[in-house]
Amino acid sequence: MKNKSIEVFETIMLSVMKYFKWVVAGSVILLVLTGIYKVDSNEVAVVLRFGKLVGTTAEEQIKTPGLHFALPYIIDEVIKVPVETVQEITVESHYSEDTTINSNIKTSGYVITGDSNLVLIRSVVKYKVSDPVRYALYINEIDEIVKGVVGGETIPLVTSMPVDSVLTTEKTNLANKLKNNTQLILNELDCGITITNIELTNVIPPNETKDAFDAVNTASVKKQTLIQEANDYTESKIPKAQAESDSLVSEAKKNQAEKVAKATEEVAEFNGLYEQYKANPDVIKNGVFRNRVSKVLTEAGATIIVPDGNESAKVILP
């Protein structure tokens with residue numbers, strides 16, 4: 001009976017050992033397969049082996065898009081970094097959802113402008129990863145870092161500007177300066193990201209002062225409208241006046257040229273006649289006289305004047 005029990009036990013153990021080999025082989029295969037990983041087109045990857053970065057150069061450390069192989073996950077850890085994806089962070093350190101100011105500064109942020117007015121500012125920061133190794137391994141809580149830098153840089157910029165500029169005319173310049181200043185500080189911190197844009201999505205006065213701001217904005221819009229209308233009027237009138245001026249000047253120059261030409265012609269005619277007069281005075285006088293009388297008679301038309309009662313008077317016809 002004992003020998004039979006031993007035989008059964010040995011049979012069971014042989015079966016277990018037989019299947020255990022397959023289980024171990026399958027486990028090894030699965031473990032090896034876990035080392036195959038894919039890097040998408042918008043990503044790169046870095047590999048940690050027992051917590052240490054694999055590779056000595058940037059080319060060795062950064063795995064480009066495609067299929068790659070690493071040691072099983074218990075040895076290697078693959079960290080993928082979306083370097084081509086634009087990531088966004090909303091900064092509300094100087095903004096409150098109900099757009100009011102209350103005594104709890106932690107839930108009611110605001111900024112004081114250069115002319116002692118209050119504004120609420122919410123911004124959206126867009127960035128891309130420029131150094132995947134630095135970003136993946138050495139920087140923790142990048143969102144909080146960016147929020148802190150943007151919030152800190154917003155204050156000195158806004159406090160140097162009047163409220164009208166912050167709300168309207170200089171809003172774009174404010175966003176650009178905020179972007180540049182934020183990038184400089186993040187570079188000093190070596191965060192491994194590049195700011196692509198900062199949008200000031202909400203720049204508004206608090207509810208407590210909204211009516212006053214709206215009145216000022218309405219007046220400002222009306223002012224700009226009147227200025228534009230005046231400019232449009234000026235632009236429509238000046239060209240017309242200039243055209244009329246040019247036309248009058250051109251007509252005057254034309255008239256001047258005609259008068260000068262006619263005067264020059266008469267002077268030349270007179271000079272020619274004078275030279276002839278010096279040579280034959282009587283002939284010239286008679287000729288001129290006849291021309292003048294002929295002109296008078298021509299202008300008189302068909303009327304003939306006959307002297308009355310003076311037979312010695314003569315009528316000289318041309």
Side-chain angles (χ1 to χ4, degrees), residues 27-95 109 121-157 171-203:
S27 299
V28 171
I29 292 173
L30 290 176
L31 195 61
V32 170
L33 290 177
T34 60
I36 299 175
Y37 63 94
K38 178 185 178 183
V39 180
D40 292 333
S41 60
N42 67 325
E43 300 175 329
V44 296
V46 295
V47 179
L48 300 181
R49 184 163 296 158
F50 296 116
K52 182 179 179 180
L53 180 65
V54 174
T56 55
T57 65
E59 290 76 12
E60 295 174 347
Q61 294 170 350
I62 300 174
K63 310 302 180 183
T64 56
L67 288 176
H68 298 272
F69 179 78
L71 296 178
Y73 72 91
I74 58 175
I75 300 174
D76 285 355
E77 178 186 1
V78 178
I79 303 175
K80 297 180 181 180
V81 181
V83 293
E84 295 299 327
T85 301
V86 177
Q87 303 184 61
E88 295 187 1
I89 303 172
T90 300
V91 181
E92 295 184 329
S93 54
H94 306 299
Y95 190 83
I121 298 179
R122 175 166 59 188
S123 57
V124 172
V125 181
K126 298 182 179 182
Y127 72 90
K128 294 175 69 174
V129 177
S130 56
D131 186 342
V133 173
R134 184 73 186 172
Y135 176 84
L137 304 182
Y138 303 107
I139 302 299
N140 295 323
E141 299 182 348
I142 187 63
D143 286 8
E144 295 304 317
I145 293 174
V146 172
K147 287 180 181 179
V149 174
V150 171
E153 287 303 302
T154 299
I155 294 174
L157 289 174
K171 186 177 177 180
T172 301
N173 289 336
L174 173 60
N176 291 333
K177 290 179 181 178
L178 184 59
K179 171 191 170 185
N180 294 336
N181 292 358
T182 299
Q183 187 65 65
L184 289 175
I185 294 177
L186 292 176
N187 290 345
E188 293 177 358
L189 297 175
D190 199 10
C191 292
I193 66 172
T194 298
I195 304 298
T196 60
N197 193 26
I198 293 183
E199 298 177 3
L200 302 180
T201 54
N202 287 81
V203 183

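Residue numbers count from 1 along this sequence.
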Original post:
If you round to the nearest 0.5 Å, how far is NZ of K126 from CD of Q87?
Top reply: 13.0 Å
Original post:
Is the side chain of Q61 donor-acceptor paired with the backbone N or O of G55 at a distance under 3.5 Å, no angle test?
Top reply: yes
Subject >> Check: V124 main-chain N/O paired with T90 side-chain donor or acceptor under 3.5 Å >> reply: no
Original post:
What are the two closest heavy atoms between I198 and V150, and how far apart are they?
Top reply: CD1-CG2, 4.4 Å
Subject >> Nearest heavy-atom neighbours spanning D40 and K38 >> reply: OD1-CE, 3.6 Å
**OP:** Compare every heavy atom of P132 with every heavy atom of I62, then report the nearest pair and how far apart it is.
**Re:** CD1-CG, 3.7 Å
Subject >> Side-chain heavy atoms of L200 within contact of L174, under 4.5 Å >> reply: yes
**OP:** Hey, could you give me the CD1/CG distance between I195 and L184, rounded to the nearest 0.5 Å?
**Re:** 11.0 Å
**OP:** For D131 and G192, indicate whether the former's side chain and the latter's backbone hold a donor-acceptor pair under 3.5 Å.
**Re:** no
**OP:** Kindly indicate whether the side chain of L53, heavy atoms from C-beta on, has any atom under 4.5 Å from the side chain of L48.
**Re:** yes
Original post:
Would one find more than 12 heavy atoms of other residues, nucleotides or ligands at under 6.0 Å from atom NZ of K171?
Top reply: yes
Original post:
Distance from Y135 atom OH to I79 atom CD1, nearest 0.5 Å?
Top reply: 11.5 Å
**OP:** Supply the atom-to-atom distance E141 CD to D143 CG, rounded to the nearest 0.5 angstrom.
**Re:** 9.0 Å
Subject >> Over all atoms of both residues, closest heavy-atom pair of S93 and G151 >> reply: OG-CA, 3.6 Å
**OP:** Please report the C-alpha distance between L178 and T154 in whole Å, then the side-chain angles of each, then the deciding distance to 0.1 Å, and finally whether the side-chain contact (heavy atoms from CB on, under 4.5 Å) criterion is met.
**Re:** CA-CA 7 Å; L178 184 59; T154 299; 3.6 Å; yes
**OP:** Would you please test N42 and V83 for side-chain contact (heavy atoms from CB on, under 4.5 Å) and show each step?
**Re:** CA-CA 6 Å; N42 67 325; V83 293; over 6 Å; no
**OP:** Please report the shortest heavy-atom distance between K80 and P82, naming the atom on each side.
**Re:** O-CD, 4.1 Å
Original post:
Can R49 and I75 be said to form a side-chain contact (heavy atoms from CB on, under 4.5 Å), step by step?
Top reply: CA-CA 6 Å; R49 184 163 296 158; I75 300 174; 3.9 Å; yes
Original post:
Do L186 and I145 touch side chain to side chain, with heavy atoms closer than 4.5 Å?
Top reply: yes
Original post:
Could you give the distance from CG (N202) to NE2 (H94), rounded to the nearest 0.5 Å?
Top reply: 14.5 Å
Original post:
Can you check whether I193's main-chain N or O pairs, donor with acceptor, with Q183's side chain at less than 3.5 Å?
Top reply: yes
Original post:
Under 3.5 Å, side chain of E153 to main-chain N/O of V149, donor-acceptor pair present?
Top reply: no
Subject >> Heavy-atom closest pair, residues Y37 and V47 >> reply: OH-CG2, 3.5 Å
Subject >> Separation between CG of L189 and CD1 of I142, rounded to the nearest 0.5 Å >> reply: 8.5 Å
